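For reference, the structure discussed in these notes is given below.
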Amino acid sequence: MSDNGATPFPTQLAVSCGFCCGTTDVNWFCKSCPGSLCNTCKMSHPSIPVFKNHIVVPRTNDVMRLYGPSKIAEQCRLHPAKEISTYCKDCQVPCCATCQVQKHQKHHISTIEDAYLSAENRLNDNVKELEKHVIPTIDQMADKTKKDRSEKRVQIDRVREEVNAFRKELKEAVDESCDCLIEKLEHDETELDNLITKLNVQKGKIRELIKEVNEIIQKGDLSMIKYSPPSPSTFIPEVPTPRSTIPVFSPGRDILSIIKDRIGTVEWIEINSESKRTPIPTAKFDPSMININKVGSFDSQISVGSITTAGNNTAWVMWDYSDTMYLYDSSGEVVRSITVKGSRGINDMVITRSGEMIVTCKDKKVRRVSVSGEVSTMIDTSPFQPKGVCLTDSEDVVVCMRDHGKRNHIAVYSPDTGRKLREIRGIDGQGKKQITDPYRVVSNGKDLCVVNWDPDHVVCVDERGDVRWVYDGKEAKLSKSFNLRGISVDKYNNLLVTDIHNRCVHFIDKEGRLIQIMLTHEQTGLEGHWGICVDDKTGQVWVGNGSVYFGTESNNVVICKYLS
């Protein structure tokens, strides 16, 4: 027992005194050294000047739990002969006395015990926070999700029944169509069988006549003179001449992709318990709403070949001679940048509903960039170079394909597998190919609107790929030739197309009619209008200089409010 009656720490592990190395009456512990002390050394410990301010306490279970070798006593890795005794708050590392002298002289130092207690308290607080707040919150979220699932289960089952009923109806329609084709084949086969039967019947009648004529000849009497057999031509059957053709089955053009596009979708709609959901009225556009107001501008690190809004007053800027794209906020600060290594330049990009980005690159690859910035190859478009890209309502990926030849076209790919679904060549009703050199493309409802080079015009095609209209800029009656670059679409389905020669934007309605020339050089200060995008949430349009034009090297981005 210690002389103050404290319960001593068990000594059955043959604990020795840190000074005399004795194993008898080791009942004390110096928190400052730290180390165990026998009764004798405990008495002499404060008499040594260097130890006079040390804190010596009974060697109890509680003391050793905090300061004992199982938790605190550990040899220094840099000085194995020394025990760790202090903690450097600046470097956030434990250290021995030698480390403290050599590397941490002017740093904030605490005892290793205090650092241990501080860490233990911090961890205990974290545990209490998790138990008191986080776990109950997760439980509430789980309960709410279970309740939500239970409420939606009935609706999900109903929609599942509707989908299955439609599947059955679709199958029946396919079976009916295929049965009609088979029935037609069987009808033709039956006609051929009937023709063979008629021919066989006529052949039997001819044989009977031949037999009758031979019998009369064999008699050799005068009856032969009076006998007049039927004319041979009467035995030729009145049946159609057998056709020298064979049946050929021609499957419906792009039937699988058409079915996929038109099969329908399942959508989740917002509802409330007080009233039924009413349809949101379609936005209507009035030309009197046009009111140009410049709200901001900044210099970008690269020319603005393409620009795409990303929400929260930010937009991605890229140029097809740079493999890095930059995310700017409206004040011109770079929020983030992503480098697509090996791309040889980024042509265009589009953001999916999940927040991923699909990027077209000069090395003839279409790449997917995850929300965290991981880059992976999605499509190899060789021998074509992918230029503009957009998404359909069903999030199929639409890519402009160019090989500087006559095979240029638009290709549509599956977003999941990267498999090509169909090609769009843009041939009008007179058989003329209007999409000859596609550069940019946007989805405008069920239509696709394409910026075409050589000749410069905008081509609108429907979901089947048939040309609806062509805009060639002549309606604007500008002094210089129409030389378009970027394209964007607003919530009214109007199109905004940049014209780099005339330093302006052509504002076109969804039918290809010019509404107004806007965002001119005088209004924006831009010298070479190229990349453009509309942010429907803010009602703003971002436009940027695309290259060195008209003696300027400025890579400006201008933000304008264009509708009141």
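What you see is a predicted model; the values in this text were computed from it and never measured.
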Would you call Lys420 and Glu423 a salt bridge, using N to O less than 4.0 angstrom?
yes
Contacts table for residues 137-145: side-chain donor-acceptor under 3.5 angstrom, sequence neighbours left out:
residue : atom : partner : partner atom : Å
Thr137  : OG1  : His133  : O            : 2.7
Thr145  : OG1  : Met141  : O            : 2.7

Taking Tyr326's backbone N and O only, do any of them form a donor-acceptor pair with Ser337's side chain (distance below 3.5 Å, no angle check)?
no
Would you say Val451 and Pro438 make side-chain contact, with heavy atoms under 4.5 Å?
no
With side chains defined as the heavy atoms from C-beta onward, is the minimum distance between Val489 and Cys449 less than 4.5 Å?
no
Give a yes or no on this: more than 12 heavy atoms of other residues, nucleotides or ligands lie within 6.0 Å of atom NZ of Lys537.
no
Check for a donor-acceptor pair, side chain of Thr308 on one end and backbone N or O of Ala315 on the other, with a separation under 3.5 Å.
no
Is there a side-chain contact between Phe482 and Asp499, using heavy atoms and a 4.5 Å cut-off?
yes
Assert yes or no for the condition that the ring centre distance of Trp542 to Trp316 is strictly below 6.0 Å.
no
Does a donor on one side chain sit under 3.5 Å from an acceptor on the other, for Asp286 and Ser288?
yes
Donor-acceptor side-chain pairing of Asn545 and Glu527 below 3.5 angstrom
no
side-chain contact (heavy atoms from CB on, under 4.5 Å) for Gln523 and Lys294? Distances and angles first, verdict last.
CA-CA 7 Å; Gln523 293 170 326; Lys294 183 176 177 180; over 6 Å; no
Could you check whether any side-chain heavy atom of Trp319 comes within less than 4.5 Å of a side-chain heavy atom of Ile307, counting everything from C-beta outward?
no
Taking Asn452 for the side chain and Asp437 for the main chain, is one N or O donor matched with an acceptor at less than 3.5 Å?
yes
In this structure, CG of Leu421 is separated from OG of Ser414 (nearest 0.5 Å) by 5.5 Å
Ring centres of Phe285 and Phe507 under 6.0 Å apart?
yes
Would you compute the distance between atom CG of Asn124 and atom CD of Glu129 and round it to the nearest 0.5 angstrom?
13.0 Å
Can you sort out the partners of Asp157 under salt bridge (charged side-chain N to carboxylate O under 4.0 Å, His left out), two or more places apart, ordered by chain and number?
Arg153, Arg160
Smallest heavy-atom separation, Tyr328 atom then Asp299 atom, equals CE2-O, 4.3 Å
Begin from the C-alpha positions of Val295 and Gln540 and carry the test side-chain contact (heavy atoms from CB on, under 4.5 Å) through to its verdict.
CA-CA 9 Å; Val295 296; Gln540 296 174 348; 3.9 Å; yes
Exercise answer: donor-acceptor pairs, residues 339-351 side-chain atoms, under 3.5 Å, sequence neighbours excluded:
residue : atom : partner : partner atom : Å
Thr339  : OG1  : Thr324  : OG1          : 2.8
Ser343  : OG   : Val340  : O            : 3.0
Ser343  : OG   : Gly345  : N            : 3.2
Asn347  : ND2  : Gln385  : OE1          : 3.4
Asn347  : ND2  : Pro386  : O            : 2.7
Asp348  : OD1  : Ser306  : OG           : 2.5
Asp348  : OD2  : Val389  : N            : 3.1

Neighbour count >12 (heavy atoms, 6.0 Å) for atom CD, Glu176:
no
Do the side chain of Ser150 and the main chain of Lys146 share a donor and acceptor less than 3.5 angstrom apart?
no
Looking at side-chain heavy atoms only, is the closest gap between Val399 and Ile410 below 4.5 Å?
no
Answer with yes or no whether the side chains of Asn483 and Ser481 bring together a donor and an acceptor at under 3.5 Å.
no
Which atom names give the shortest non-hydrogen contact between Tyr439 and Lys387, and what distance separates them?
O-CB, 3.5 Å
Is any side-chain heavy atom of Arg440 less than 4.5 Å from a side-chain heavy atom of Cys400?
no
Reported CG-to-SG distance for the pair Leu478 and Cys504, which is rounded to 0.5 angstrom:
5.5 Å
Keeping Arg167 on the side-chain end and Glu162 on the backbone end, is there a donor-acceptor pair under 3.5 Å?
no
Using the side-chain contact (heavy atoms from CB on, under 4.5 Å) rule, take Asn444 and Cys460 through it: C-alpha gap first, then chi angles, then the decisive distance, then the call.
CA-CA 9 Å; Asn444 195 6; Cys460 177; over 6 Å; no
Do Val442 and Leu495 come close enough that some side-chain heavy atom pair is under 4.5 Å?
yes
Under a plain distance cut-off of 3.5 Å, with no hydrogens placed, do Asn312 and Thr314 share a side-chain donor-acceptor pair?
no
To check you understand the geometry: which heavy-atom pair defines the closest contact between Val497 and Ile508, and what is its length?
CG2-CD1, 3.9 Å
Rounded to the nearest 0.5 Å, what's the gap from NE2 on His506 to CG on Asn494? Could you check?
15.0 Å
Measuring from Lys491:NZ to Asp535:CG, what's the distance to the nearest 0.5 Å?
10.5 Å
Checking side-chain polar atoms at under 3.5 Å, does Asp329 have a donor or acceptor matched by the opposite partner on Asn313?
no
Expected output: side-chain His457 to main-chain Gln434 donor-acceptor under 3.5 Å:
yes
The test is side-chain contact (heavy atoms from CB on, under 4.5 Å); show your working for Val458 and Val470 and say whether it passes.
CA-CA 6 Å; Val458 180; Val470 175; over 6 Å; no
Set of residues satisfying side chain to side chain donor-acceptor pair (under 3.5 Å) with respect to Lys89, sequence neighbours excluded:
none
Flag the pair Arg513 and Asp509 as a salt bridge only when some basic side-chain nitrogen lies within less than 4.0 angstrom of an acidic carboxylate oxygen.
yes
So CG of Asp490 and CG of Leu563: to nearest 0.5 Å the spacing works out to 6.5 Å
Across all chains, not counting sequence neighbours, the side-chain contact (heavy atoms from CB on, under 4.5 Å) partners of Asp462 are Asp447, Arg464, Asp466, Arg468
Which residue pairs satisfy the side-chain hydrogen bond (donor to acceptor under 3.5 Å, both in side chains) criterion with at least one member in residues 357-367, sequence neighbours excluded?
Asp363-Arg367
With distance as the sole test, does Ser118 use its side chain to make a donor-acceptor pair with the main-chain N or O of Asp114 at under 3.5 Å?
no
Could you tell me whether the side chain of Arg425 reaches within less than 4.5 Å of the side chain of Lys433, counting heavy atoms only?
yes
Ser370 side chain to Glu374 backbone, donor-acceptor under 3.5 Å
yes
Please check: side-chain N/O of Thr417 versus main-chain N/O of Arg419, any donor-acceptor pairing under 3.5 Å?
yes
Have a look at Leu526 and tell me which of Val543, Val557, Val505, Thr498 forms a side chain to side chain contact (heavy atoms under 4.5 Å, CB included) with it.
Val543
Over 60° means perpendicular and under 30° means parallel, so classify the ring planes of His104 and His107, tilted if in between.
perpendicular
Donor-acceptor pair, distance only, cut-off 3.5 Å: does the side chain of Lys561 make one with the backbone of Thr538?
yes
